[in-house]
*Asks:* 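Quick one: this structure, given as structure tokens, is what I'll be asking you about.
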Amino acid sequence: MLNCKQASLLASRAMDEKLPYWKNSMLKMHLLLCRSCANFTRQLDSLREASRYSRINRNFHLTDEAKQRIENTLKNQ
């Protein structure tokens, strides 16, 4: 079973490359059992989508509230 650090590293890697079947399965199992890692993975997906959108739409800007939430999250980690 993966610990949270391993799961977060795999979730991050999975955004850039296809994981081997067994690693992907272990990650999915961990995400089913761990709400914190599942939230982290959703946040990674949201950041990726925001990044993609900002490249398409040059007028895109994060709200001050969103910037503050990101800053607070980074400080708390």
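Bear in mind that the values here come from a model prediction, so they are computed numbers and not experimental data. Just the heavy atoms: all of them, side chains too, but no hydrogens, waters or symmetry mates, feed the values below.
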*Asks:* Looking only at heavy atoms, what is the nearest atom pair of His30 and Leu2, with distance?
*Replies:*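 Smallest heavy-atom distance, with atoms named: ND1-O, 3.1 Å.
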
*Asks:* A side-chain contact here means heavy atoms from C-beta on lying under 4.5 Å apart; do Leu9 and Gln6 qualify?
*Replies:*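 The answer is no, as the side chains (C-beta and beyond) never meet within the 4.5 Å cut-off.
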
*Asks:* Checking side-chain hydrogen bond (donor to acceptor under 3.5 Å, both in side chains) for the pair Gln68/Asn72: CA distance, chi angles, key distance, verdict?
*Replies:* CA-CA 6 Å; Gln68 189 63 48; Asn72 290 340; 3.0 Å; yes

*Asks:* Would you mind listing the cluster partners of Leu44? Hydrophobic ones only (ILVMFWY), side-chain contacts under 4.5 Å, chaining allowed.
*Replies:*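 Met15, Phe40, which link up through side-chain heavy atoms under 4.5 Å apart, make up the rest of the cluster.
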
*Asks:* Within the side chain of Ser46, is there an N or O that forms a donor-acceptor pair under 3.5 Å with the backbone of Arg42?
*Replies:*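 Indeed, once roles are kept as given, a pair shorter than 3.5 Å links the two residues.
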
*Asks:* Do Ile70 and Leu47 have side chains that get closer than 4.5 Å, going by heavy atoms?
*Replies:*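 The answer is yes; the side chains approach within 4.5 Å.
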
*Asks:* Does the side chain of Cys34 come within less than 4.5 Å of Cys4's, by heavy atoms?
*Replies:*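 Yes, close enough: below the 4.5 Å cut-off.
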
*Asks:* Under a 4.0 Å N-O cut-off, is there an ion pair linking Lys67 with Glu71?
*Replies:*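 Not counted as a salt bridge, because no side-chain N and carboxylate O are separated by less than 4.0 Å.
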
*Asks:* Drop me the distance from Lys23's NZ to Glu17's CD, to the nearest 0.5 angstrom.
*Replies:*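 Interatomic distance, Lys23 NZ to Glu17 CD, rounded to 0.5 Å: 8.0 Å.
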
*Asks:* What is the distance from atom CG of Leu32 to atom SG of Cys37, rounded to the nearest 0.5 Å?
*Replies:*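 SG of Cys37 is found 12.0 Å from CG of Leu32.
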
*Asks:* Are Tyr21 and Leu19 linked, directly or through other ILVMFWY residues, by side chains that come within less than 4.5 angstrom of each other?
*Replies:*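 No, no single cluster joins them.
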
*Asks:* Within this structure, what is the CG-NZ distance for the pair Leu10 and Lys28, rounded to the nearest 0.5 Å?
*Replies:*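 The distance works out to 12.0 Å.
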
*Asks:* Determine the minimum heavy-atom distance between Leu33 and Met1, stating which atoms define it.
*Replies:*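 For Leu33 and Met1, the tightest heavy-atom pair comes out as CD1-CE, 3.1 Å.
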
*Asks:* Mind checking salt bridge (charged side-chain N to carboxylate O under 4.0 Å, His left out) for Lys5 and listing every partner two or more places apart, or none if nothing turns up?
*Replies:*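 None.
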
*Asks:* So which heavy atom on Thr41 is nearest to which on Ala11, and how close?
*Replies:*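 Heavy atoms of Thr41 and Ala11 come nearest at OG1-CB, 3.6 Å.
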
*Asks:* Which residues pass the side chain to side chain donor-acceptor pair (under 3.5 Å) test with Asn3, sequence neighbours left out?
*Replies:*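 Listed in chain order: nothing, the list is empty.
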
*Asks:* Measuring from Leu74:CG to Arg69:CZ, what's the distance to the nearest 0.5 Å?
*Replies:*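 If we round to the nearest 0.5 Å, Leu74:CG and Arg69:CZ are 12.5 Å apart.
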
*Asks:* Transitively linked via ILVMFWY side-chain contacts under 4.5 Å: Leu27 with Trp22?
*Replies:*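 Yes.
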
